[in-house]
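The next block holds one structure in the form of C-alpha cells; read it before the comments.
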2 protein chains.
Amino acid sequence: MKKPKTSYHHGDLAESLLNAVDELATKFGLEAVTLRSCAKRVGVSPSSAFRHYADKRTLLTAFATRALMQLSTVLASANKAALHKDQDAFLAVSLAYIKFAIEKPAFFRAMWREETIYTTDDAYMEAIIVLTSTIKGGFASSLVDDDASSMSSAELLAWSSVHGLANLLIDGPVGNGLSKAQKTSLATDMLELLQPALEA
Amino acid sequence: MKKPKTSYHHGDLAESLLNAVDELATKFGLEAVTLRSCAKRVGVSPSSAFRHYADKRTLLTAFATRALMQLSTVLASANKAALHKDQDAFLAVSLAYIKFAIEKPAFFRAMWREETIYTTDDAYMEAIIVLTSTIKGGFASSLVDDDASSMSSAELLAWSSVHGLANLLIDGPVGNGLSKAQKTSLATDMLELLQPALEA
DNA sequence: GGTAGTATGTGAACACTGTTCACATTTAAT
DNA sequence: ATTAAATGTGAACAGTGTTCACATACTACC
C-alpha cells in the first residue's frame, strides 16, 4: 500500500485516505472512523487530510459515493449474470442488494446517512442517480417502466421491500441470531411472495 | 422544566437528560447530541450525567427505548382508530409508521443505530419485542399469523416495505423535493399495490 | 539547468468531546 | 443528631476536528 519512494509527498493521499476509511469502517465500524486514525494508518499527519478534503464530512461523502458505485456495479453484474443464465433478474438483483448490505454493513450505512455526508455533493448525487437507474434496470424485466425520471409504484415497492429488509437485517431485530444462509432464505421467501404483486 | 426549589439536587435528572436528548436531536439532529450540551441544557455539570447513565451510549439507548415505545403507542392507537372507524388497519398502521419517521426522523434513526446504542440492553430489547408484536397485531387483520414468536413471510414483507420506504424517505433519494402530502400519497399508492400480495 | 510558483505535507495550537475521580452537598436511615 | 448513601461538582485526562504559519517537494518556464 505505502509508497516510500519519496519520504515527503505521498503520491495519492486522497485515495489512500478513502482506503483507510474503508478498512477502519470494515474492522471497527463507521463510528470508529476518525480523521486522525485514517491519517495515522496512511502514515501521514492529521492536517494533511485537509489538503484533499475540506471536511471529515467531505471525506465520508466521497466514501459513500464510492460505496454507492460499488453497489451499482454489483447489482449490474448480478443482473447480467441472471439474464445470461436465463434466471429471474429481479430476484438476483434483490438478493445481491441484500447480500451487499449484510457483508458490508458499514458501507451500506455510510451511503445513506444524511447527517454525516453532504447529500448535495455533485459526485454523490450522480452516484445516486446511477444506482437508481441500475435498480430500475434490474427490476425492468418484471416491471413496466413508464417514466425514466420518476419511479412507478411497483418500482418503489420493490426497492422499499429490498431496502427495508436489508436495514432490518443489519440494523434491526430481524436477523439477530441468524446465519447468512438463513437470512438469504428469509429474503428469498419474502421476494417470492412479493413478485406477483409487481406484475400487475 | 427546571425545578429550582433546591439549588443542588435536580430531582429527576435521568428523565430531564432524556428530554434534553429529545429536544437537541429534534432541533439539530442526532449527530449534534452531545453529553455536555445535554447537561448544559438541563443546567447541570457534565459529570453529573454519569450518576444516571454509565455511558453516552447508555443514554442514547434509553432514548432509543423511549422512541420505540412512542412508536408502539402511535401504531397501536392508529390500529384501534382504524378498527373503530371500520377502515383498513394495515393501511392505517403502515401510514402511521411512515408518518412517524417523517415527522421525527432523529427519533426514528436513533431506534435502529446499532453502533450507537446497546442493543442487548434489557429495556431496549423489551421495547423491540413490544413494537414487533404491535406491528404484527396491526397487520393481523389482513394477515394470517401462524406463529407468535417468529415472523411469517407476509409479515416480514409488510414490515420491510414500510420500513424501507420510511428509510428511503428520510435517508434516501426518494422523498427529496416532496411535500409531506406527496410523500403520503406515494406511500398510499405503494401500500395499495402491496396489499393483495399479503392476502394470499 | 536553475528559478519561480504551486501543490502538498507538518507541527503546534484551538475549542470541544467523553470520561474519571476526589470532593462537596443534600437526602435517608438509624 | 449522627451516619450512610445518593447525587452533583470542578479539575483534569486523552482524544477529536480544524486552522495556520511554515517546510518540503514537484512543475513550468527562461
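Because only heavy atoms are used, hydrogens play no part in the values below, and waters and symmetry mates are left out as well, while side chains stay in. None of these values were measured; they are calculated from a predicted model. Below, chains carry the letters A, B, ... as their sequence lines are ordered, and counting in each starts from 1.
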Check your understanding: Taking 4.0 angstrom as the limit, do B/E115 and A/R109 come out as a salt bridge?
Key -> yes
**Study point:** Nearest-Å distance for atom pair CG/C1', residues A/L13 and D/dC26
**Key:** 15 Å
Practice item. Scan residues 116-128 of chain B for pairs that pass side chain to side chain donor-acceptor pair (under 3.5 Å), counting only residues two or more places apart or in two chains. Key: B/D55-B/Y118
Study note, to complete from the structure: For A/K80, the salt bridge (charged side-chain N to carboxylate O under 4.0 Å, His left out) test, sequence neighbours excluded, returns none
Check your understanding: Which heavy atom in A/S72 sits nearest to a heavy atom in A/T134, and how many Å separate them?
Key -> O-CG2, 3.7 Å
Check your understanding: Within the pair B/H52 and D/dG8, is there a side-chain N or O less than 4.0 Å away from OP1 or OP2?
Key -> yes
Check your understanding: Does B/S48 put a side-chain nitrogen or oxygen below 4.0 Å from OP1 or OP2 of D/dT9?
Key -> yes
Practice item. Spell out protein contact along nucleotides 16-23 of chain C as letters: B when the base is contacted, S when just the sugar-phosphate is, - when no protein heavy atom is under 4.0 Å; keep the 5' to 3' order. Key: -BBBBBB-
Review point. How about B/F107 and B/L71: do any of their side-chain heavy atoms sit closer than 4.5 Å?
Key: no
Revision key, fill the gap. Separation of D/dT16 atom C1' from A/E31 atom CD, nearest Å, is 14 Å
Point to revise | Any donor-acceptor pair under 3.5 Å from B/K56 side chain to B/V33 backbone | key: yes
Review point. Whole Å only: how far is the OH atom of A/Y53 from the P atom of C/dT8?
Key: 12 Å
Study note, to complete from the structure: Hits for salt bridge (charged side-chain N to carboxylate O under 4.0 Å, His left out) against A/R66, two or more places apart or cross-chain, chain-then-number order -> A/E15, A/D22
Point to revise | Residues touching DNA chain D, which here means a heavy atom under 4.0 Å, drawn from residues 112-121 of chain A | key: none
Practice item. Taking salt bridge (charged side-chain N to carboxylate O under 4.0 Å, His left out) as the test, write out the residues that go with A/E192, two or more places apart. Key: none
